[in-house]
Peer 1: 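Below is one structure. I have some questions about it.
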2 protein chains.
Amino acid sequence: MTTARKRMVAPTKPAQDDYILTDQVGHLLRRAHQRHTAIFQDMIGNVQLTPTQFAALVKIRDVGEVSQNELGRLTAMDPATIQGVIHRLKVRALIARRADPDDRRCTLLSLTGSGHALIERALASAKAITAATLAPLADNERATFLSLLRKLS
Amino acid sequence: MTTARKRMVAPTKPAQDDYILTDQVGHLLRRAHQRHTAIFQDMIGNVQLTPTQFAALVKIRDVGEVSQNELGRLTAMDPATIQGVIHRLKVRALIARRADPDDRRCTLLSLTGSGHALIERALASAKAITAATLAPLADNERATFLSLLRKLS
DNA sequence: GCAAATTCATACGTATACATATGATGCGGC
DNA sequence: GCCGCATCATATGTATACGTATGAATTTGC
């Protein structure tokens, strides 16, 4: 064992130059998304809404009655994902459901009165949240960034 | 002034102009992250790794032995999150753990032989995944995008 | 030196996010 | 008409992601 000295120097320092994790677009996207979510939770106020719950409510407000899967497509959520989101909003009575008279597979979703009131309050915060997320960028950089980001979504 | 002609039109068609969900940076970040995750799962190959599992393995490879919380900081994961990631990698024997002789609170993590072999195989795919994610952008746009994205992470 | 504050890893609860499977329903092709 | 296929909503399982709480261990502040 006296020869057990530092036999393995190389393995402890592999080729970082080749693939730097924190420079990869996937890692940066994940961190930027994390940061935005944190800002959202900080700034959304006493209205208890997650980003996806907010998205679902805003979209229903925009389009009116809509089926669950259709709402998922409009907000980029899997049917399995939107199901849980809607369920939690329904429990809080922010959303109402009724059977679609024309297609018995579908459930039509709409905002309740309190849902409407809540989303209107949340919208003010939402604009500030977008501004806070983009705050590290200069004015002229923001449009550039959004334009490029849109191409990747 | 003469009464509300278009007063009642508004409720069914609310101010979309004011806040367009799909133009908000948070929504675009979420969708871009979704797209990257899908590309990752498609291209990572028969190596069964999620993006965060891959990140943990790559980072251990880069820095050698490291405590669990420290690894979390290096890969932008909460202590609660990294705990689950490490647990799943440990079950698959891709990671080994030993007590830190200098700090009995800590557990030192390292790659096993198969962990090392697996991450080396995954690295080839990882470069292609980054390229595929950025494929919608022109060459000159990619550096711009990454530079701006880094400011938001 | 020692009490207070911090850090480490874990555990529990909630909320996306998606693959997959299922049963009910609608629709197109023949 | 009706059979095959698609769609809708749900259910289950796995994996982040994080807040909060906990107990053990270490560092600090005085």
Peer 1: Side-chain N or O of A:Thr50 versus OP1/OP2 of C:dA15: is the shortest distance under 4.0 Å?
Peer 2: no
Peer 1: May I ask you to evaluate whether A:Gln41 reaches the phosphate of D:dG19, defined as a side-chain N or O under 4.0 Å from OP1 or OP2?
Peer 2: no
Peer 1: At what distance, to the nearest 0.5 angstrom, does CG of B:Leu57 lie from CD1 of B:Ile86?
Peer 2: 7.5 Å
Peer 1: Could you check B:Pro51 against A:Pro79 and say which one's nearest nucleotide on DNA chain D is further toward the 5' end?
Peer 2: A:Pro79
Peer 1: So, is A:Arg73 near the phosphate of D:dT7, with a side-chain N or O under 4.0 Å from OP1 or OP2?
Peer 2: no
Peer 1: Expressed in angstrom and rounded to an integer, what is the separation of A:His36 atom NE2 from D:dC18 atom C1'?
Peer 2: 16 Å
Peer 1: Quick one: which of D:dG19, C:dC18, C:dT6 gets closest to the side chain of A:Ala80?
Peer 2: C:dC18
Peer 1: Whole angstroms only, please: what is the CD1-P distance between B:Ile82 and C:dT7?
Peer 2: 18 Å
Peer 1: Can a side chain N or O of A:Arg30 be found less than 4.0 Å away from OP1 or OP2 on D:dA17?
Peer 2: yes
Peer 1: Regarding A:Gln53, tell me which of base, sugar-phosphate or nothing describes its non-hydrogen contacts under 4.0 Å with the strands shown.
Peer 2: sugar-phosphate
Peer 1: Do you see a donor-acceptor pair shorter than 3.5 Å between the side chains of A:Thr130 and B:Gln24?
Peer 2: yes
Peer 1: Quick one: pull up OG1 in A:Thr75 and CZ in B:Arg31 and give me the separation to the nearest 0.5 Å.
Peer 2: 10.0 Å
Peer 1: Taking OP1 and OP2 of C:dC8, is either one under 4.0 Å from a side-chain nitrogen or oxygen of B:Asn69?
Peer 2: yes
Peer 1: Using a 4.0 Å heavy-atom cut-off, does B:Gln34 contact any base of the nucleic acid, only the sugar-phosphate backbone, or nothing at all?
Peer 2: sugar-phosphate
Peer 1: For B:Asp103 and C:dC8, what is the distance between atoms CG and C1' respectively, to the nearest whole Å?
Peer 2: 8 Å
Peer 1: Heavy atoms only, 4.0 Å cut-off, all strands: where does A:Thr107 land among base, sugar-phosphate and nothing?
Peer 2: sugar-phosphate
Peer 1: Base, sugar-phosphate alone, or nothing: which one does A:Thr81 contact when heavy atoms must sit under 4.0 Å apart?
Peer 2: base
Peer 1: Quick one: A:Asp42 CG to D:dC18 P, roughly how many Å, whole number?
Peer 2: 13 Å
Peer 1: Find the distance A:His33:NE2 to D:dT16:C1' and express it as a whole number of Å.
Peer 2: 11 Å
Peer 1: Mind calculating the distance between CG (B:Asp100) and C1' (D:dA24) to the nearest angstrom?
Peer 2: 14 Å
Peer 1: Can you tell me how far C1' of C:dT14 sits from CZ of A:Arg92, to the nearest Å?
Peer 2: 13 Å
Peer 1: Hey, any chance B:Met43 and B:Leu118 share a hydrophobic cluster, counting ILVMFWY side chains that come within less than 4.5 Å of each other, even indirectly?
Peer 2: yes
Peer 1: Would you mind classifying the nucleic acid contact of B:Thr37 as base, sugar-phosphate or nothing, using non-hydrogen atoms under 4.0 angstrom?
Peer 2: nothing
Peer 1: Do B:Leu149 and B:Ile129 sit in one hydrophobic cluster, given that two such residues count as connected whenever their side-chain heavy atoms are within less than 4.5 Å of each other, even indirectly?
Peer 2: no
Peer 1: Between A:Gly84 and A:Asp102, which residue's closest nucleotide on DNA chain C lies nearer the 5′ terminus?
Peer 2: A:Gly84
Peer 1: Which nucleotide sits closest to the side chain of A:Arg97: D:dT10, D:dT16, C:dT16?
Peer 2: D:dT10
Peer 1: Which residue, B:Cys106 or A:Arg88, contacts DNA chain C at a nucleotide closer to its 5' end, judged by nearest heavy atom?
Peer 2: B:Cys106
Peer 1: How many Å lie between CG on A:Leu49 and P on C:dT14, as a whole number?
Peer 2: 18 Å
Peer 1: Is the phosphate of D:dT16, meaning OP1 or OP2, less than 4.0 Å from a side-chain N or O of B:Gln83?
Peer 2: no
Peer 1: Can you pull out every salt bridge (Lys or Arg N to Asp or Glu O under 4.0 Å) where at least one residue sits in residues 131-153 of chain B? Sequence neighbours excluded, please.
Peer 2: A:Asp23-B:Arg150, A:Glu141-B:Lys151, A:Lys151-B:Glu141, B:Asp139-B:Arg142
Peer 1: Please confirm whether any donor atom in the side chain of A:Arg104 sits under 3.5 Å from an acceptor in the base of C:dT25, or the reverse.
Peer 2: no
Peer 1: Which nucleotide, C:dT16, C:dG26, C:dC18, lies nearest any side-chain atom of A:Arg105?
Peer 2: C:dG26
